[in-house]
Amino acid sequence: MKILTVCGAGQGSSLILKMNVQDVIDEIGLDADVDNSNISTAKNSGADLILAGEFHEDALEGFEVPVITVSDFMDNEEIKSKIQDFLEEKGE
Amino acid sequence: MISEYLTKDNIILGAEVADWKEAIKKSGSILEANDLIEAEYIDAMIEMVKDKGAYIVITPGLALPHARPEKGAKENGLSLLTLKEPVNFGHSKNDPVKVVISFCAADDSSHTQMLSELAEFLKDKKNVNYIKEVDSKKELLAYFKSYDEGGESNEDSNSMRSRSGQ
């Protein structure tokens, strides 16, 4: 599974989100690669899941890849529960 | 080490600013004073918010302004600015902002270690809350040092102020 974290520039917020997503998937034992990028390159990244700030919800609309948005990038509990919800829905 | 990136020269506490733009300017001026950026980088940080929005408010009360390396970043670096009165950046949930941590990156990858250490530090809400409240730079520098020495389990009971109501 390939997870992509995105933000406007692709080097600040998305990097921090990537680190926290990595912590979360390590914790729940999900086998996934996490990478970060900016929004414009995210569209054709081939990712299975995109995580971004709620702020980017509109910009990510219309993406074929499932998108999870979080409001607090530093809140691993929020990230964890949203990823778990996603996995449950996906049936894994 | 947080204390390596945030030194007495990179920190301003309790600044008074009129709005988010002034907050970024002030925060960016610390980077400039430390010769980490060209002046144009500050405008680029402001443009970034105008252009892409206030997503840089990554957690309640804390903004992380930055611009692309090619906008005048000379080296990797951080600055910390806290505001006497918080200002809104335009984020629906994480406003108002009390803490502004600007960073500059010399390229796309070498700042990873710096941000990783910053993220580790900010992940503990106790640390974020401490920065929001601290008004003594000396105390804050001691807090960073003690965090670096003690790692995550650092309790820091001596300089930690009361967090009642948090």
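Order of the sequence lines fixes the chain letters, A, B, ..., with proteins taken first and strands second; residue numbering starts at 1 for each chain.
- Heavy-atom pairs under 4.5 Å with chain A were tallied for Ile58(B), Leu64(B), Val57(B), Asp51(B); the largest tally goes to Ile58(B).
- With respect to chain B, the highest number of heavy-atom pairs below 4.5 Å among Met19(A), Lys18(A), Met74(A) belongs to Met74(A).
- Gln84(A) CD: more than 12 foreign heavy atoms inside a 6.0 Å radius.
- Within a 6.0 Å radius of NZ in Lys26(B), other residues, nucleotides and ligands contribute 12 heavy atoms or fewer.
- Residue pairs satisfying the ring-ring contact (aromatic ring centres under 6.0 Å, His included) criterion with at least one member in residues 49-75 of chain B, sequence neighbours excluded, are listed as follows: His56(A)-Tyr55(B), His66(B)-Phe103(B).
- Side chains of Thr59(B) and Asp75(A) form no contact here, defined as non-hydrogen atoms less than 4.5 Å apart.
- Summarising the local packing, CD of Glu64(A) is surrounded by 12 or fewer heavy atoms from other residues, nucleotides or ligands at distances under 6.0 Å.
- Between atom OG of residue Ser116(B) and atom CG of residue Leu15(A) there is a gap of 8.0 Å, rounded to the nearest 0.5 Å.
- Counting heavy atoms from C-beta on, the side chains of Pro69(B) and Gln11(A) come closer than 4.5 Å.
- Residue contact with chain A, scored on non-hydrogen atoms closer than 4.5 Å, involves the backbone and the side chain of Ala54(B) alike.
- Within 6.0 Å of atom NZ in Lys21(B), 12 or fewer heavy atoms from other residues, nucleotides or ligands are found, so the atom counts as exposed in its surroundings.
- Linking Ile, Leu, Val, Met, Phe, Trp and Tyr residues whenever their side-chain heavy atoms come within less than 4.5 Å leaves Tyr5(B) and Leu31(B) in two separate clusters.
- Residue contact with chain A, scored on non-hydrogen atoms closer than 4.5 Å, involves the backbone and the side chain of Thr112(B) alike.
- Look at Asp23(A) and Lys123(B) and you find a salt bridge, because one of the NZ, NE, NH1 or NH2 atoms lies within 4.0 Å of a carboxylate O, short of that distance.
- Interface residue Phe55(A): only side-chain heavy atoms are found under 4.5 Å from chain B.
- Lys93(B) has its side chain out of reach of Asp72(A): every pair of non-hydrogen atoms, C-beta onward, lies at least 4.5 Å apart.
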